[in-house]
Amino acid sequence: MTPPDVEAIEGCLIGQAIGDAMGLPMEGLSRRRGNRLYPRTHRMQFVFGYGMPSDDTDHVAMTATAMPVPDDRPERLAEFRRRLAWRLRFWLLSLPAGIGKATLKACIKLWLGVPSTRSGVFSAGNGPAMRATILGATLRDSETVLNAFVRESTRITHTDPKAEYGALAIAYATKHAAMSRTSAPPEMGSFLEVLDRILPHDAPANELRQLLARGHHALQNGQSVDEFASALSLDQGVSGYMYHTVPVAVYAFFRHPDDYRSAVQSVIRCGGDTDTVAAIAGAIVGTRVGVSGIPQEWRDGYRDWPWTIRRLKRLAKRLSMKSGGSAENGGISKGTIHFLMVAVGVVLGFFARSVRNLFFLVIILGHIIRRMLPPY
């Protein structure tokens, strides 16, 4: 395997975290109300000029830490699924705010003993798209491997085919970003050709093709991101439905492939599920431009634990070594040893993570109160 560019992986992880933190204050608001309450989209504004990420960053980091040396052998895929399942189980115990209904149900099923092969629920929420960015940034060599990992990552929580097709679109957009880092920006037409080849020709896949084709047409006409969202009847905001989130996030990338700031701000101005759409768009553009392409003042205003900028960089370095085939012997420990390692990590970090989430929830409640006040 060709080792992926560690700067691309750093850009993906940190780009998703920064986009998440930038978009969080406006999450759930309509385009008009969000822009009136939070007009300063040029800086962090979650708490006293600083930003914190939501579950979008948790998902991409959990996926990254769950990845073994990637190949499409059944044992590797099963290993990835088991590792991700345990991370989802323990993540739920820290009481994360804003968890999606489908993901919540899947995590509960996992704790009730339902195998990870049958824990998913029928939903087309955008949760799997949060986890797909890092897969596209790292699994560059084989479509077979990338497709298989996206499938396992998706079906552990979501079983609606739309969820898987949307996650594939995000993974391949990120892959395009990673592979074009040293060349001209990728063309949306070539991206659509690849996606047309890998997606089946059923009704849900054809619907996604049509939505993305509308994006290609809008791009040729020079439409802005919010104009494209309006053309999809998303004037009140981009929802958490996979086929709303994916076309807008992908369009933002191809509209602003080398301008992280513009890509993130443009999707935030659309309103709706702003943290997730900004996180995904930020991850794709961040993969292409690297950490240096993410505004320094946004990075300086980012605050979180455990997913600090420094830790995300360390994770990117380890992940690039794994993908290149130089990971620890045979991949990752399995069975009982792996369970004990995860359990020890949870015990050590559980209380700190819970305190962090409690602090996060208090700030969220403050924003809810603020939304009750003018301007309306």
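Computation of the quantities below employed the complete heavy-atom set of this structure, encompassing side-chain atoms and omitting hydrogens, waters and symmetry-equivalent molecules. Just so you know, these numbers come straight off a predicted model, no measurement behind them.
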Check whether W298 forms a cation-pi arrangement with R261 (NZ or CZ under 6.0 Å from the six-membered ring centre, at most 45° off the ring normal).
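R261 over W298 ring: yes.
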Does R356 count as lying over the ring of F360, i.e. NZ or CZ under 6.0 Å from the six-ring centre, within 45 degrees of the axis?
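Satisfied, under 6.0 Å and within 45°.
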Would you mind checking if R76 and E79 are paired as a salt bridge, meaning a charged N to carboxylate O distance below 4.0 Å?
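Salt bridge flag = yes for R76 with E79.
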Is K313 salt-bridged to E10, going by a charged N under 4.0 Å from an acidic O?
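Looking at E10 together with K313, the answer is no, because their closest N to O distance does not fall below 4.0 Å.
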For R255 and S266, does a side-chain donor sit closer than 3.5 Å to a side-chain acceptor?
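Side chains of R255 and S266: no pair found under 3.5 Å.
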I'd like to know whether NZ of K109 has more than 12 heavy-atom contacts from other residues, nucleotides or ligands below 6.0 angstrom.
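Check passes, neighbour count above 12.
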Any chance OH of Y50 has more than 12 other-residue heavy atoms, nucleotides or ligands included, within less than 6.0 Å?
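Open.
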Does F228 have any ring pair (Phe, Tyr, Trp, His ring centres under 6.0 Å) partners at least two apart in sequence or in another chain, and if so, which?
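Once residues adjacent in sequence are excluded, the partners of F228 under the ring pair (Phe, Tyr, Trp, His ring centres under 6.0 Å) criterion are Y251.
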Using ring pair (Phe, Tyr, Trp, His ring centres under 6.0 Å) as the criterion, list what pairs up with F191, not counting sequence neighbours.
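Testing F191 for ring pair (Phe, Tyr, Trp, His ring centres under 6.0 Å), a comparison that skips the adjacent residues, returns H176, F254.
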Can you spot which of H59, K175, Q16 makes a side-chain contact (heavy atoms from CB on, under 4.5 Å) with T133?
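One option only clears the test, and that one is Q16.
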For L373, all residues meeting side-chain contact (heavy atoms from CB on, under 4.5 Å), sequence neighbours excluded
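With neighbours one apart ignored, the set is R370.
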Restricting to side-chain contact (heavy atoms from CB on, under 4.5 Å), what partner residues turn up for R89, sequence neighbours left out?
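side-chain contact (heavy atoms from CB on, under 4.5 Å) check on R89 returns A85, W86, L110, W111.
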Could you tell me which residues satisfy salt bridge (Lys or Arg N to Asp or Glu O under 4.0 Å) with D275, sequence neighbours excluded, listed by chain and number?
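Here no residue qualifies.
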Non-neighbouring partners of E187 that pass salt bridge (Lys or Arg N to Asp or Glu O under 4.0 Å), sequence neighbours left out
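For E187, no residue satisfies salt bridge (Lys or Arg N to Asp or Glu O under 4.0 Å) once neighbours in sequence are set aside.
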Using only atom types and a distance under 3.5 Å, with no angle test, would you say the side chain of T154 pairs donor to acceptor with the backbone of E164?
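Not a single qualifying donor-acceptor pair exists.
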